[in-house]
Amino acid sequence: MTARKSTTKKPAKPAARKARARLTGGGRARATVSVDLGERSYGIEIGEDWLETIGRRAAARLDVEKVALVTVSSVSRRYAPALTRGLQAAGVRVRKVIVPDGDANKNLNELGKLYDAFLDHGLDRGSAVVTLGGGVAGDLGGFAAATFLRGIPFVQVPTTVLAMVDASIGGKTGINLPQGKNLAGAFHQPRGVYLDTATLRSLPARERAAGFAELIKAAVIWDADFFDWLEPRVESFLALDPKVVIPALKRACAIKAEVVERDEREGGLRRLLNFGHTLAHAIEKHARYRGILHGEAVAIGMAFAAERSEALGFAPAGTSERLIAVLERAGLPTRAPNRPRSAYLSAIAVDKKKQGGKIHFVVLDGIGSSSTAALEPRDILPPGWKA
Ligand SMILES: NC(=O)c1ccc[n+]([C@@H]2O[C@H](COP(=O)([O-])OP(=O)(O)OC[C@H]3O[C@@H](n4cnc5c(N)ncnc54)[C@H](O)[C@@H]3O)[C@@H](O)[C@H]2O)c1
Ligand SMILES: [Zn+2]
């Protein structure tokens, strides 16, 4: 192994750097969450304005000579330079590969282009992938890393709230096929996940709120204290107040990590993360994945699932009201688009087939506690139900 420290290189403007470092917490992680999976364990490190340090830390963690930096157009321009500087300062050769923006590009064609770029750059079994962007960059770049030469290491640098608390953790990677979303994929745990909350400043407000829906999901299925803490801090989170954002991301990541640790390959517990997703998938399918963000559909699905949890006798009265109030304060939708019940039923029936003949519908037992119930579509959407 070669030394990867760059202490001998003088920064161009030491004074300016120092001032910036003081302002921004010195380029250190402010919080760390560990994901304990035996020899595949890794850390999630959270900091603010520290992309260059992330590059150096990722390089040390990966200990490789060559890296393909997989990113998307909207993120590349703003954030790839600092991350690349950090990687290069640690002696890594970096080839940036840009994927066009949007979930529609998480496909076989773009995957093929990634393999071409990897080969062209001479990546071998001793190389690695770094993903920089939202869930699209992470899922696609991660899947390329999982499959290239039967798997090379990778690290995730998520830049959306959704990717920070959900997509980048847990090792699920994959692509969409023409027949449906996320139909091809692999479990491939990253070697590290690095969050820079400063990247969220450029994230459109609507994307921020949509990712926040998954953060609320983590709280409501798992941790009543966290939900209580979040309830009065919705606006501060969305305004990216570091005093709220960093602890909130930390707790949400820790919840996802805990669930994944106990059920890495989705045998049971990990299904709880699908809270709100039964109806969400139906809504997204009907909208043909246009005009509504995933987190928005999840917000509607959670409001619905909370109401059903009360109606079915799992959750005490008032549970859904509290959840819906938080979602609404975040500007998220909570009512399903007006379509006939039959349309929703048939969409849910497709989910049932995928899950092996049963729907593991996630219900709340109250704020901060959840379980799954094996239900038929007609029990989830009872006769007379209206969107
Ligand atoms: N692997 C998993 O466990 C898992 C879990 C949940 C979702 N996902 C996948 O994640 C994807 C959705 O992730 P997403 O919501 O992050 O979508 P995304 O990656 O498409 O990002 C959303 C939008 O924000 C832009 N963007 C990203 N970071 C930005 C920044 N810092 N500033 C400005 N713009 C920025 C992107 O270019 C894009 O237009 C889906 O493909 C979904 O299937 C995977
Ligand atoms: Zn989701």
Side-chain angles (χ1 to χ4, degrees), residues 35 49 51 70-80 82-83 98-107 110 131-143 145-146 154 156-177 180-190 193 195-218 221 240 252-253 256-257 259-260 264-266 270-281 283-284 289 292-302 305 362:
V35 188
D49 229 334
L51 278 173
V70 177
T71 185
V72 292
S73 34
S74 57
V75 173
S76 169
R77 187 171 39 88
R78 285 190 184 97
Y79 305 119
L83 186 60
I98 300 179
V99 178
D101 205 32
D103 190 71
N105 293 304
K106 209 176 86 177
N107 63 23
E110 292 302 324
T131 68
L132 171 70
V136 167
D139 275 18
L140 178 65
F143 187 54
F154 82 121
Q156 299 256 33
V157 185
T159 62
T160 65
V161 176
L162 185 134
M164 287 180 180
V165 302
D166 194 355
S168 70
I169 309 165
K172 277 197 199 176
T173 69
I175 57 168
N176 305 322
L177 296 180
K181 297 248 298 164
N182 297 318
L183 288 183
F187 282 100
H188 190 47
Q189 297 293 346
V193 180
L195 276 52
D196 185 339
T197 58
T199 61
L200 297 177
R201 285 184 211 135
S202 58
L203 189 66
R206 197 174 156 197
E207 293 281 356
R208 239 183 250 177
F212 186 68
E214 298 276 11
L215 195 148
I216 294 171
K217 178 195 76 183
I221 62 167
L240 301 179
C253 288
K256 172 111 193 210
V259 173
V260 169
E264 190 179 357
R265 302 219 161 203
E266 195 158 318
R270 197 163 171 167
R271 290 199 184 111
L272 297 181
L273 298 168
N274 290 335
F275 177 61
H277 282 59
T278 303
L279 192 71
H281 289 153
I283 293 168
E284 288 180 293
Y289 301 94
I292 184 154
L293 297 175
H294 174 69
E296 293 170 342
V298 170
I300 297 168
M302 289 194 296
V362 184

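In this text the structure is predicted, and so the values were computed from the model without any measurement. Counting starts at 1 for both ligands and their atoms, in listed order.
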Just to be sure I'm reading this right: ignoring hydrogens, which of Ser76, Gly135, Ala167 gets closest to atom 8 (N) of ligand 1? Compare them by their nearest heavy atoms.
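Minimum heavy-atom distance to atom 8 (N) of ligand 1 goes to Ala167.
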Counting only heavy atoms closer than 4.0 Å, does ligand 1 sit against the backbone of [X], its side chain, both, or neither?
| X | result |
| --- | --- |
| Val136 | both |
| Val75 | side chain |
| Lys106 | side chain |
| Asn182 | side chain |
| Leu200 | neither |
| Asp101 | side chain |
| Lys172 | both |

With Phe212 via ring-ring contact (aromatic ring centres under 6.0 Å, His included) - residues at least two apart:
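Phe237.
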Tell me, please, which residues at least two apart from Leu177 pass side chain to side chain contact (heavy atoms under 4.5 Å, CB included).
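Leu177 satisfies side chain to side chain contact (heavy atoms under 4.5 Å, CB included) with Leu108, Ile175, Gln179, Leu183, Ala184 only.
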Identify the protein heavy atom lying closest to atom 9 (C) of ligand 1, giving its residue, its atom name and the separation to 0.1 Å.
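The answer is Asp139 OD2, 3.4 Å.
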Decide yes or no for Ile98 and Thr71: does some side-chain heavy atom of the first lie under 4.5 Å from some side-chain heavy atom of the second?
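With C-beta onward as the side chain, the pair touches.
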For residues 294-302, which side-chain N or O atoms pair as donor and acceptor with protein atoms under 3.5 Å away, sequence neighbours left out?
{"from": "His294", "atom 1": "ND1", "to": "Glu284", "atom 2": "OE1", "distance (Å)": "3.3"}
{"from": "His294", "atom 1": "ND1", "to": "Glu284", "atom 2": "OE2", "distance (Å)": "3.1"}
{"from": "His294", "atom 1": "NE2", "to": "Glu214", "atom 2": "OE2", "distance (Å)": "3.0"}
{"from": "His294", "atom 1": "NE2", "to": "His277", "atom 2": "NE2", "distance (Å)": "3.3"}
{"from": "Glu296", "atom 1": "OE1", "to": "Arg206", "atom 2": "NH2", "distance (Å)": "2.8"}
{"from": "Glu296", "atom 1": "OE1", "to": "Leu293", "atom 2": "N", "distance (Å)": "2.9"}
{"from": "Glu296", "atom 1": "OE2", "to": "Arg206", "atom 2": "NE", "distance (Å)": "2.6"}
{"from": "Glu296", "atom 1": "OE2", "to": "Arg206", "atom 2": "NH2", "distance (Å)": "3.4"}

I'd like to verify the contacts: list protein N, O or S atoms under a distance of 2.8 Å from the Zn ion (ligand 2).
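Near the Zn ion (ligand 2), below 2.8 Å, one finds Glu214 OE2, His277 NE2, His294 NE2.
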